[in-house]
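Please read these numbers as outputs of a predicted model, since none were measured by experiment. Start at 1 with the first residue, then count along the sequence.
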Amino acid sequence: MDVITHKCPNCGGALTFDPGDQKFHCPFCLSIFTEDEVTAFEEKQKEAQMADTPVSDPSAATETEPSLQEEVREQADAQAGQMDLFTCPSCGAEIVTDATTAATYCYFCHNPVVLSGRLSGEFLPNKVLPFAIEKEEATTKFLEWAQKKKFVPRDFFDQAQVEKLTGVYFPYWVVDAEMNGLLSGMGTSLRIWRVGDIEYTEHKQYDVLRRGKIKVNELLKHALSKNVQQKMVTGVQPFPLEKAVNFRSQYLAGFQAEKRDIEYIDLSDEVKNELSGYAENLLAGTVNGYTSFKRNNRSINLTKEENNYVLLPVWLVTYRADDENKSAFYYAMNGQTGKVSGVLPISYKRLGIVSGAIFAATTILALIGAYFL
């Protein structure tokens, strides 16, 4: 699998994507490039490498012994489902990732790397929504949000904790659909009035029919099976998908990214049920003016369905509490809109101090009151 670091055309340093100006920056020579400039440079590099690569001689190839092939196959099977190992193209260090990581950092030279094989072929995203909020702004928003909460552990605001804020692209399926819907039933109108001592009740029944074309745009479905991360990312929706651009791996430089591990076919029935329910509720919402409505028939036909594989930006922080269970707390921020979501830890020590102070103050006031009585 190819491991890529997008290089600066001027000095060869590792480029990173800057959400502030939506361009690519070199931290070494301070050069700035557009996506078109980086792409054009890398295309020329590929052409030059292809021109310099000698054509292999088929007659010089040697067959691998069957026993060696079997050994390699057995080793591959044994490693399936475990952590994967790659080599950093900048310093040669080994990079360890799990099976769904598609972009990360080298822990030795800190250069951003993209595991291109996990984002190619059938796993090539259609679109990517680039980060629009820089880390400095995300950090400020995070601290503002957290400091408004009471009884949060003090080490939650430590510099080491804040530096854990990480930008991650999460995989999603985005669905657009069109449907023909029909809803019919019996509507009842009830009217009660009184004349003198006599009460009158009037019942009217109507045949109700609703028919229409329903269009649903940008239905989001998780393409990653990690449940905790699903909950975090759900809390920061919606995303402005109209700002998504055609996928280029350059946008991942300087961030982490996850590869999908849920195929659309596995979500197909769930999506159809969700679309059908939405269409029915929309039709039922047009039935008004009746005291009651009893549905007789409902028909929803899906006439058009399109899905796209998209990477969406989220800033994340994980905090491990200093308790017996080492409980994990997560904070997430929409990388485009700045919407935040998360559950903060509680310092029971600080809570106990405050509770003790309140109890002591209450006791003193009670004693003073008793003295004067």
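With no hydrogens or angles considered, a side-chain donor-acceptor pair links S225 and D261 at under 3.5 Å. In summary, the side chains of T234 and H222 do present a donor paired with an acceptor at a separation below 3.5 Å, with no hydrogens or angles considered.
Checked against side-chain hydrogen bond (donor to acceptor under 3.5 Å, both in side chains), K127 has the following partners two or more places apart in sequence or in another chain: N246. Q336 meets the side chain to side chain contact (heavy atoms under 4.5 Å, CB included) test with L129, A132, P240, K243, P313, N334; sequence neighbours excluded. For T286, the side chain to side chain contact (heavy atoms under 4.5 Å, CB included) partners two or more places apart in sequence, or in a different chain, are R210. In this structure E270 satisfies the salt bridge (charged side-chain N to carboxylate O under 4.0 Å, His left out) test together with K221, sequence neighbours excluded. Residues satisfying the side chain to side chain contact (heavy atoms under 4.5 Å, CB included) criterion with A138, sequence neighbours excluded, are I133, L165, W315, M333. In this view, E134 satisfies the salt bridge (charged side-chain N to carboxylate O under 4.0 Å, His left out) rule with no residue, not counting sequence neighbours. Not a single ring pair (Phe, Tyr, Trp, His ring centres under 6.0 Å) links F239 to another residue, sequence neighbours left out. Checked against side chain to side chain contact (heavy atoms under 4.5 Å, CB included), E305 has the following partners two or more places apart in sequence or in another chain: V175, Y264, V271, K272, L302.
Other residues, nucleotides and ligands contribute only 12 or fewer heavy atoms inside 6.0 Å of the CG atom of D207.
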Can you give me every donor-acceptor pair (side chain of residues 23-36, partner residue at least two apart or in another chain, under 3.5 Å) with its distance?
{"residue": "H25", "atom": "NE2", "partner": "D21", "partner atom": "OD1", "Å": "3.2"}
{"residue": "H25", "atom": "NE2", "partner": "D21", "partner atom": "OD2", "Å": "2.8"}
{"residue": "S31", "atom": "OG", "partner": "N10", "partner atom": "ND2", "Å": "2.8"}
{"residue": "T34", "atom": "OG1", "partner": "E37", "partner atom": "N", "Å": "3.2"}
{"residue": "E35", "atom": "OE2", "partner": "T39", "partner atom": "OG1", "Å": "2.7"}
{"residue": "E35", "atom": "OE2", "partner": "R248", "partner atom": "NE", "Å": "3.1"}

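In this structure, L209 belongs to a hydrophobic cluster whose other members, linked by side-chain heavy atoms under 4.5 Å apart, are L182. Think of I198 as one node in a network of Ile, Leu, Val, Met, Phe, Trp and Tyr side chains linked at under 4.5 Å; its network also takes in W193, V195, Y200.
The ring pair (Phe, Tyr, Trp, His ring centres under 6.0 Å) analysis of residues 277-310, with sequence neighbours excluded, yields the pairs W173-Y309, Y206-Y290.
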